[in-house]
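Presented below is the structure to which this report refers.
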2 protein chains.
Amino acid sequence: MASDSLPEKKRISESTIHRLSLYYRALTVLEKEGFETVSSKGLAKREKLTPAQVRKDLSFFGSFGTRGLGYPVVELRDKISQILGIDRSWRVALVGIGNIGSALVSYKEFQKQGFQIVKLFDNDQRKIGSNHKGIVVSDIKNLANELEPDNIEMVVLAVPATVAQYIVDDIVKAGIKAILNFAPVNLKVPDDVFLRNENMSMELEYLSFALVNDHIPKRVR
Amino acid sequence: MASDSLPEKKRISESTIHRLSLYYRALTVLEKEGFETVSSKGLAKREKLTPAQVRKDLSFFGSFGTRGLGYPVVELRDKISQILGIDRSWRVALVGIGNIGSALVSYKEFQKQGFQIVKLFDNDQRKIGSNHKGIVVSDIKNLANELEPDNIEMVVLAVPATVAQYIVDDIVKAGIKAILNFAPVNLKVPDDVFLRNENMSMELEYLSFALVNDHIPKRVR
DNA sequence: ATTTTCTTGTGAAGCATTTCACATATTTGA
DNA sequence: TCAAATATGTGAAATGCTTCACAAGAAAAT
C-alpha cells in the first residue's frame, strides 16, 4: 500500500502545556542558581509533580535528557520556550482600561515573558488620548483599523461582561486569532480563534468550596 | 456484620467544581432573563459543554431536576451556591497593594460573589496608612495580630514572587487556610492549607503555544 | 576496565473523567 | 385519558491522563 496513515498531529493536553510553563519558570530559576543540569526528580520537586510526569510531558516533544545525568538546564529551557512559542516577542493589544486593564499595562510579568502590550483601547472619552506607560489610549471604534497595521497578534480583553461579546466580535473581525478574556462571561468565537478565560472569582469560589467541604483536591494545577 | 464501609467522602474533581461556578453564573443570567426552568441541554449550550456533563456534575450532589421539564433555575442556583459555599460572605484580606493588588481592591466581581476585601497589607511605608476604597493599609508586620481578630478566612496574595514565600509563611502561621496567590512561584504550604494560583502569564503562554502549533485543545476550561 | 549508580524514555497498567445510551419519570397535547 | 414528547439520573463504555516499572544508556566510582 502507498500510505499507511495521515500525518496525525498529536494532541497535547492542556495540563501538559501548563506544566511546560511551570518547567520553564523552574528552569529559569535553576539557571540563576547556577545549576547546569537537573533531573526529572529535581524538576518535579520544585513544582510538586512526579518525575514520571515530567519525563512523559517532555517526551511528547523529543528526548532532551541524558541518562544518568538529567536535563541540561539552559538547553531545556530554550527548547521549552521554542515549544511554547515564547522564544520571540508577541505584540499584544489591551482593550478596556479599567481597574484590571490599568494593572495589566504595568504588569511586568507579561513583559518579561515577551508579551508586549503595545496598544490600548477604551470607549470612554475621558480615557481616550490619555497616556499609560507611554502608550496613548485609542478609541475602541478604531479597533479594526489599528490592529492589523500594528501587527497585533493577541488581544487581552478587560472590559465589562455586558459588552465583552460585542467587542470580541470586532476583534475577531479584525483578524485576531488569540484572545485572553478577563470578563466573567462565555464568549462565542469561531473555531479558528483561540480564546482563554481568566476568571479570578472562580478561584476564590474553589477556595470557598474547599473550606466548606474540607476538600482535598486530587490534582492541583 | 456491624458496619459495611467507612463514610467514604466522595472526591469531586477540580473540573467539576469549576463547572459549578459556570453553572452558577449561567443560572444567574437565566434568572435575570426570566426563565423558570432550564434543561441540561440549555445549560450546556450556554457554557459550551455537553448535557451529559451537566447532569453528571449535578448528580454528584443530588437530584435537582424534574424529568420532562428540566431544572428550576432559582432553586438550582441557590443549591449550587450552597455547594460552593458562596451562600454567605467571606472576609478576605489582600496582601500587596501594587498594580494587581490595587486593581483587585476595586474589582467588583469579588464583592458580587460575596468575597469582601476588608483588610489591606503592605510593607511599603508610603502605602501604609493610605486609604483604598475606604480601607486603611496596615503594616504587613501586623499580619499575625490583625487577621484573626478581624475574622479573616481567606487571603489574596499579590506581592512580588521574591518575597511571596516569606509572607505566605506568616499567613499560614496566622491560621489562614485558604490563599489565592498571584505571584508566579510555587509556594509551599502545609497540607491543610488550600492554595490556588492565578498565573496570568500562563494563559498567554497557552495562547502562544496554540498560535505557534495551530493547536486545537481537547478540552477548554 | 569493570562494576555500580544514576536517570532517561516509554510501553503498559491503573485511574479518572467524559460520553453514551437507556430506563424511568414527568409534562404536553390531542 | 392516553399517547407522544421531553428530559433526568445513572450504570457502563469509551476516552484520556497519570503512574508504574523496567530496559537501556551514560556517568561515576573503584
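Below, chain A is the first sequence line, B the second, and so on; all start at residue 1.
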[X] [atom1] to [N] [atom2], straight-line distance once rounded to whole Å:
{"X": "A:F60", "N": "D:dC17", "atom1": "CZ", "atom2": "P", "result": "8 Å"}
{"X": "B:R19", "N": "C:dT19", "atom1": "CZ", "atom2": "C1'", "result": "12 Å"}
{"X": "B:R67", "N": "D:dA4", "atom1": "CZ", "atom2": "P", "result": "21 Å"}
{"X": "A:I12", "N": "D:dT15", "atom1": "CD1", "atom2": "P", "result": "19 Å"}
{"X": "A:L69", "N": "C:dT8", "atom1": "CG", "atom2": "C1'", "result": "10 Å"}
{"X": "B:F61", "N": "D:dT8", "atom1": "CZ", "atom2": "P", "result": "18 Å"}
{"X": "A:E14", "N": "D:dG16", "atom1": "CD", "atom2": "C1'", "result": "13 Å"}
{"X": "A:K41", "N": "C:dC6", "atom1": "NZ", "atom2": "P", "result": "9 Å"}

Tell me which nucleotide among D:dA24, D:dT18, C:dT19 gets nearest to the side chain of B:K56. C:dT19

Taking C:dA25, C:dT10, C:dT7 as options, the one with an atom nearest any side-chain atom of A:S59 is C:dT10

Tell me whether the OP1 or OP2 atom of [N] has a side-chain N or O from [X] closer than 4.0 Å.
{"X": "B:Q53", "N": "C:dT17", "answer": "no"}
{"X": "A:Y71", "N": "C:dG9", "answer": "yes"}
{"X": "B:S40", "N": "D:dT8", "answer": "yes"}
{"X": "B:R55", "N": "C:dT18", "answer": "no"}
{"X": "B:S15", "N": "C:dT17", "answer": "no"}

So, A:S40 side chain and A:V54 main chain: donor-acceptor pair closer than 3.5 Å or not?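 No, the answer is negative, given that no donor and acceptor are paired below the 3.5 Å cut-off.
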
Report the distance from atom CG of B:D57 to atom CD1 of B:I17, rounding to the nearest 0.5 Å.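 Rounded to the nearest 0.5 Å, the CG-CD1 separation comes to 10.0 Å.
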
Would you indicate whether the side-chain heavy atoms of [Y] and [X] approach each other to under 4.5 Å?
{"X": "B:V212", "Y": "A:L84", "result": "no"}
{"X": "B:L204", "Y": "A:I86", "result": "no"}
{"X": "B:M202", "Y": "A:L22", "result": "yes"}

Nearest heavy atom decides the nucleotide; on that basis, is A:A52 or B:P51 closer to the 5' end of DNA chain D? B:P51

